[in-house]
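Note sheet for the following structure.
Along the sequence shown, residues carry numbers from 1. Bear in mind that the values here come from a model prediction, so they are computed numbers and not experimental data.
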Amino acid sequence: MRFTSEQRLDDGVIEREFTLGEIPGTLWTPGSAPAPLVLMAHNNGLPKAEPRLVARARYTAARGYAVATIDAAGCGDRPRSAADEQARADLRRAMQAGEPVDEILESFVGPLVEKAVPEWRTTLDALLELPEIGGPVGYSGGCALGIRLAVVEPRIAAACFFAGGYVPRAQREEARRVAVPLLFLLQWDDEGNPRQRALDLFDAFGSKEKTLHANPGGHTGTPWFELEDGCRFLDRHLK
């Protein structure tokens, strides 16, 4: 892991860019060390510099967590295959036309998850070697990627999942194997995530401790207080 830049934010959080082989990432660390680690991710190809993700990461780091995010293969500014670009174009066209998008999302999100999980695990290996980071580890972000990580990565102790309406079939089956404490956020009027599918997915999770928070509004309308509630959930399980 090679750090390429560093800045100290007004609240004392240190924000550093890094590379790990071909993987670019960002790490936020609080003044206290060692700190529990939160992996923060999208699962739909958005960049690690996406403003909503950065805002969540900085807030969470200020609460005493090390927070890391990466651009996994095919995501953010990393090279995308012709198939990736075609799937994105097909998805935009279908959504604009009001056509079914299930199979397009299956062909798009499914491969992203398969490529991203190994890179997230490699990144986790490297992060846990840093002296400013201590266990345990949490996850906060997109549902499809989070389900797979929670199933295959035993170091993840708790997870916050967002949305969940459009999740590949493989991850819907894997949901029953998710056993960590879980906070599931649902926007009730999310135009891009069918509500009933999200509710069915929540029902399928195998976690003994799972909590559903639902708020009115569209995909990007999650109330800010949910970030505070999410940190309280992490406090219970990671500190």
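Going from atom CH2 of W120 over to atom CD1 of I156 covers 9.5 Å, rounded to the nearest 0.5 Å.
Checked options T123, L127, T69; the residue passing with L39 is L127 (criterion: side-chain contact (heavy atoms from CB on, under 4.5 Å)). Between R56 and the choices V38, L227, T222, the side-chain contact (heavy atoms from CB on, under 4.5 Å) rule is met once, by L227.
For the ring pair (Phe, Tyr, Trp, His ring centres under 6.0 Å) test, residues two or more places apart in sequence or in another chain that qualify with H237 are F233. Looking at residues two or more places apart in sequence or on another chain, you find a salt bridge (charged side-chain N to carboxylate O under 4.0 Å, His left out) between D125 and R155. A search for salt bridge (charged side-chain N to carboxylate O under 4.0 Å, His left out) contacts involving D11 returns nothing, not counting sequence neighbours.
A salt bridge links R93 and E99; the closest N-O separation between the charged side-chain nitrogens and carboxylate oxygens is under 4.0 Å. The pair D102-R197 meets the salt-bridge criterion, since a charged nitrogen lies less than 4.0 angstrom from a carboxylate oxygen.
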Report the C-alpha distance between E22 and R78 in whole Å, list the side-chain angles of each, state the deciding distance to 0.1 Å, and finish with yes or no for side chain to side chain contact (heavy atoms under 4.5 Å, CB included).
CA-CA 9 Å; E22 297 181 354; R78 292 183 65 180; 3.9 Å; yes
Please step through salt bridge (Lys or Arg N to Asp or Glu O under 4.0 Å) for the pair E153 and R148, ending with a clear verdict.
CA-CA 8 Å; E153 181 47 72; R148 173 62 60 83; over 6 Å; no
Intermediate values then yes/no, side chain to side chain contact (heavy atoms under 4.5 Å, CB included), T60 and S140:
CA-CA 10 Å; T60 305; S140 176; over 6 Å; no
Please lay out, stage by stage, how R2 and E17 fare under the test salt bridge (Lys or Arg N to Asp or Glu O under 4.0 Å).
CA-CA 9 Å; R2 183 171 68 91; E17 300 293 322; over 6 Å; no
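Side-chain N or O atoms of E119 include one that pairs as donor or acceptor with a backbone N or O of A73 at under 3.5 Å. With hydrogens and angles ignored, the 3.5 Å screen pairs no side-chain donor or acceptor of R176 with any backbone N or O of R172.
Follow the hydrophobic side-chain contacts under 4.5 Å out from F18 and you never reach M40; the two are in separate clusters.
Ring-centre distance between F205 and F161: below the 6.0 Å cut-off. A distance of 6.0 Å or more separates the ring centres of W28 and Y65.
Considering only heavy atoms from C-beta on, E174 stays 4.5 Å or farther from R169 through its side chain. Q171 has its side chain within reach of V113: a pair of non-hydrogen atoms, C-beta onward, lies under 4.5 Å apart.
In summary, the side chains of T29 and E132 do not present any donor paired with an acceptor at a separation below 3.5 Å, with no hydrogens or angles considered.
K210 forms no cation-pi arrangement with F184, by the criterion of a distance under 6.0 Å to the ring centre and an angle within 45° of the ring axis.
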